[in-house]
Amino acid sequence: MLDIAICEDERFQQGELEEMLYTLGKKLGIYLEVSVHERGESLLADVNYGAHYDVIYLDIEMDGMDGLHVAEELRSQDRTVQIIYVTQYECYLHQSIDTMPSGYLVKPVNPEEFKKVFQRISSWIQGQDAYYHFTSDKIPRKVLLKDILYFRSKLRQVEIVCEENSHLIYQKLNEIERELAAENQK
């Protein structure tokens, strides 16, 4: 599964990117969860509230905070998120390097170029460490499986114990075991 955000102020472009993502995901057998934001401030608020994205498609010229400043904020919080700029202007390429983007697409987006960037990034992400996805305090979260020390049943809750912290979720221990076994068979 890939968690993806689109931050684009043009509705037509939002729809086009979202459609290309779902089409590619279906074709490649990758489940995608896509969130759309019209402003950088909205995306940052979502991230500050606990959302974690694997990939962010980010327009550079937007009302309010521009994409380069949004990317700087994102990088200060998450160095692993894959940022792909989607812009009408190639002149920002040099400036964007400071935020370590994984791709740079020029509008109108060429579907073949989009596919090439998506496949490169999704194969790289899927080759990374596996995560356990869960919801705690009504916030979707994920933890690297290698960081989980153990799961402990506490009445109707399960505590996910990591070296630095722990999380409580409302789920049965045997359900978690089935989820992890199914994920391991993929």
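Positions are given from 1 along the sequence.
By the 4.5 Å heavy-atom criterion applied to side chains, V70 and L43 are counted as neighbours. The shortest side-chain heavy-atom distance between I169 and I176 falls under the 4.5 Å cut-off. Side-chain contact between C162 and V143 is present, with heavy atoms from C-beta onward closer than 4.5 Å. Using a 4.5 Å cut-off on side-chain heavy atoms (C-beta onward), V158 and E175 make no contact.
Between the side chains of Q171 and E179, at least one donor N or O lies within less than 3.5 Å of an accepting N or O. Side chains of Q77 and N48: a donor-acceptor N/O pair is present below 3.5 angstrom, by distance only. A donor-acceptor contact closer than 3.5 angstrom links the side chains of Y85 and T99.
Between D98 and R75 there is no salt bridge, since no side-chain nitrogen of the basic residue lies less than 4.0 Å from a carboxylate oxygen of the acidic one. The residues R11 and E16 are annotated as not salt-bridged, no charged nitrogen and carboxylate oxygen being separated by less than 4.0 angstrom.
With values rounded to the nearest 0.5 angstrom, I84 atom CD1 is found 12.0 Å from S96 atom OG. Here the NZ-CZ distance, from K107 to F12, works out to 11.0 Å after rounding to the nearest 0.5 Å. Remark: M65 CE to L44 CG distance equals 5.5 Å, nearest 0.5 Å. The CD1 atom of I148 sits 13.0 Å away from atom CD of E163, with the distance rounded to the nearest 0.5 Å.
Residue pairs that meet the ring-ring contact (aromatic ring centres under 6.0 Å, His included) test with at least one member in residues 51-83, sequence neighbours left out, are Y57-F114. Applying the ring-ring contact (aromatic ring centres under 6.0 Å, His included) test to pairs two or more places apart or on separate chains, those with a residue in residues 161-182 are F134-H167.
Between the D46 side chain and the A51 main chain, no donor and acceptor come within less than 3.5 Å of each other. Remark: side-chain polar atoms of E8 are paired, donor with acceptor, to backbone N or O of E10 under 3.5 angstrom. Between the side chain of S122 and the main chain of F118, a donor-acceptor pair closer than 3.5 Å is present. Under a 3.5 Å cut-off, the side chain of E41 and the backbone N or O of G64 do not form any donor-acceptor pair. A side-chain donor-acceptor contact under 3.5 Å links Q82 to the backbone of T80.
S42 is linked by a side chain to side chain contact (heavy atoms under 4.5 Å, CB included) to H37, counting only residues two or more places apart in sequence or in another chain. Every residue was checked against the ring-ring contact (aromatic ring centres under 6.0 Å, His included) condition with Y22, not counting sequence neighbours, and none meets it. Listed by chain and number, the residues in a side chain to side chain contact (heavy atoms under 4.5 Å, CB included) with D63 are R39 (sequence neighbours excluded). Residues passing the side chain to side chain donor-acceptor pair (under 3.5 Å) test with Y31, sequence neighbours excluded: E33.
Counting non-hydrogen atoms of neighbouring residues, nucleotides and ligands closer than 6.0 angstrom, the NZ atom of K26 reaches no more than 12 such neighbours. More than 12 heavy-atom neighbours from other residues, nucleotides or ligands sit within 6.0 angstrom of CD on Q119. The 12-atom threshold is not exceeded at CD of E19, counting heavy atoms of other residues, nucleotides or ligands nearer than 6.0 Å. By the 6.0 Å contact criterion, NZ on K172 is open, its count of non-hydrogen atoms from other residues, nucleotides or ligands being 12 or less.
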